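Structure record follows, encoded as structure tokens.
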There are 2 protein chains.
Amino acid sequence: MSKNNGLEKEEFENNSQACPMTSVMNVIGGKWKVIILYHLRDSILRFGELRKRIPKITQKMLTQQLRELESDGLVTRTVYPEVPPRVEYQSTPLSDELRPIIDMLCDWGQKQQDYIRSVDE
Amino acid sequence: MSKNNGLEKEEFENNSQACPMTSVMNVIGGKWKVIILYHLRDSILRFGELRKRIPKITQKMLTQQLRELESDGLVTRTVYPEVPPRVEYQSTPLSDELRPIIDMLCDWGQKQQDYIRSVDE
DNA sequence: TCAAGTAAGCACAAATTTGTAAGCTAGTTC
DNA sequence: GAACTAGCTTACAAATTTGTGCTTACTTGA
């Protein structure tokens, strides 16, 4: 897991291994990762296509998040040695298992938005 | 939603309402919220009890996160006018719907940890 | 010769999140 | 009347995350 590369083993165990939730959030937390996974749910996408689908993400963040997802086993990255370069990203079996969860979260998000609106009115 | 209190309506819509995932992450993202919700899954807990169950959280963060969860409709906060003070937190119908999702995330977290171990070996 | 196209890298700055340490409250007990 | 209690607050500091702007590499077409 990218986040823990520099940690002592002991510290690593206190952090992630003790609590599965913490380890989950290390992997899909942050501002962009679930959104990226959401878009990769059912398509193989190139870097530029992901950028179009997530207009507000910066190039740097997209690169960075994709690399972390890759090293956590959630996406594969395929580089085609062409010019101009072509790089494709796709989900893995591990992230496929996340799919129903992401869908449920998405549905729940709608409900939550409704709640917010009812409070704001 | 606490995060958006200061935003213009327009900006709010671009952020959360456009993408349910973003709105979900606003609500359960961060280092502690799912963990708190996890512990409130099936018990009503006092502030101090939550602290014991989440040893590494600081008082400030626990207060802060609970208040945000409250204003997002995910926990209720009941103050008993006693001395010393007693405050109880419990889940709401809205966060109860999150429960199966949290359970699934938890299971998935185990798998993910196994993957990590197999890569680190 | 020069721009366009694609995926990235870097140094640095801004923003956000989290942590530390102290203080406050108002009754209750010693 | 000092100490204790549970929950909270505030000012400030540190850490982490995210964003900005500029640069690289290579080829094609104008």
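Because the structure is predicted, anything quoted here is derived from the model rather than measured. Keep in mind that the numbers below use all heavy atoms, side chains included, and drop hydrogens, waters and symmetry copies. Just so it is clear: chains get the letters A, B, ... in the order the sequence lines come, proteins before strands, and each one is counted from 1.
- In this structure, Glu88(B) atom CD and dC8(D) atom C1' are separated by 17 Å, rounded to whole Å.
- Atom pair Leu50(B):CG and dG7(D):P shows a separation of 10 Å (rounding to whole Å applied).
- Whole-Å rounding puts the Gln65(A) CD to dG19(D) P distance at 9 Å.
- The 5' end of DNA chain D is approached more closely, in terms of each residue's nearest nucleotide, by Val79(B) than by the other of Val79(B) and Gly30(A).
- Checking side-chain atoms of Gln65(A) against main-chain N and O of Leu62(A) turns up no donor-acceptor pair under 3.5 Å.
- Residues Trp32(A) and Ile54(A) meet the side-chain proximity criterion, which asks for heavy atoms closer than 4.5 Å.
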**OP:** Could you run through nucleotides 20-30 of chain D and give me one letter per nucleotide, 5' to 3': B if any protein heavy atom sits under 4.0 Å from the base, S if only the sugar-phosphate is that close, - if neither?
**Re:** B-----BS---

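- Residues satisfying the salt bridge (charged side-chain N to carboxylate O under 4.0 Å, His left out) test with Glu97(A), not counting sequence neighbours, are Lys111(B).
- Backbone-only contact: Arg77(A) has heavy atoms under 4.0 Å from sugar-phosphate atoms and none from a base.
- Protein atom NZ of Lys31(A) is 19 Å distant from nucleotide atom P of dT16(D), rounded to whole Å.
- Between Arg46(A) and dT6(C), a side-chain N or O to OP1/OP2 separation shorter than 4.0 Å is absent.
- The CD-P distance, from Glu70(A) to dA7(C), rounds to 15 Å in whole Å.
- Residue Arg86(A) has no polar side-chain atom (N or O) positioned under 4.0 Å from OP1 or OP2 of dG5(C).
- Closest to the Gln64(B) side chain, of the nucleotides dA7(C), dG7(D), dT18(C), is dT18(C).
- As a whole-Å value, the separation of Ile54(A) CD1 from dA7(C) P is 14 Å.
- Within 6.0 Å of OH on Tyr38(B) lie no more than 12 heavy atoms contributed by other residues, nucleotides or ligands.
- With DNA chain C read from its 5' end, the first of the two nearest nucleotides for Leu66(A) and Trp32(B) is the one closest to Leu66(A).
- For Ser91(A) against Asp96(A), the heavy-atom pair with the smallest separation is OG-OD1, 3.0 Å.
- For residues 82-95 of chain B, every residue pair satisfying the salt bridge (charged side-chain N to carboxylate O under 4.0 Å, His left out) rule, not counting sequence neighbours, is listed here: Glu82(B)-Arg86(B), Arg86(B)-Glu88(B).
- Five base pairs at each end of the helix from dT1(C)-dA30(D) to dC30(C)-dG1(D) define two local axes, and these are offset by 30° (rounded to 10°).
- The distance from atom CD1 of Ile57(A) to atom C1' of dA8(C) is 14 Å, rounded to the nearest whole Å.
- Counting any heavy atom pair closer than 4.0 Å across all strands shown, Tyr89(A) reaches sugar-phosphate atoms only and no base atom.
- Between Arg51(A) and dA7(C) there is no side-chain N or O to OP1 or OP2 distance below 4.0 Å.
- Going from atom CD of Glu82(B) over to atom P of dC8(D) covers 14 Å, rounded to whole Å.
- Between Val34(B) and Leu98(B), every side-chain heavy-atom pair lies at or beyond the 4.5 Å cut-off.
- Every residue two or more places apart in sequence or in another chain that forms a salt bridge (charged side-chain N to carboxylate O under 4.0 Å, His left out) with Asp103(B) is listed here: Arg41(B).
- Looking at Ile102(B) and Met21(A), their side chains come closer than 4.5 Å, going by heavy atoms from C-beta outward.
- Judged as a salt bridge (charged side-chain N to carboxylate O under 4.0 Å, His left out), and not counting sequence neighbours, Lys31(A) has no contacts.
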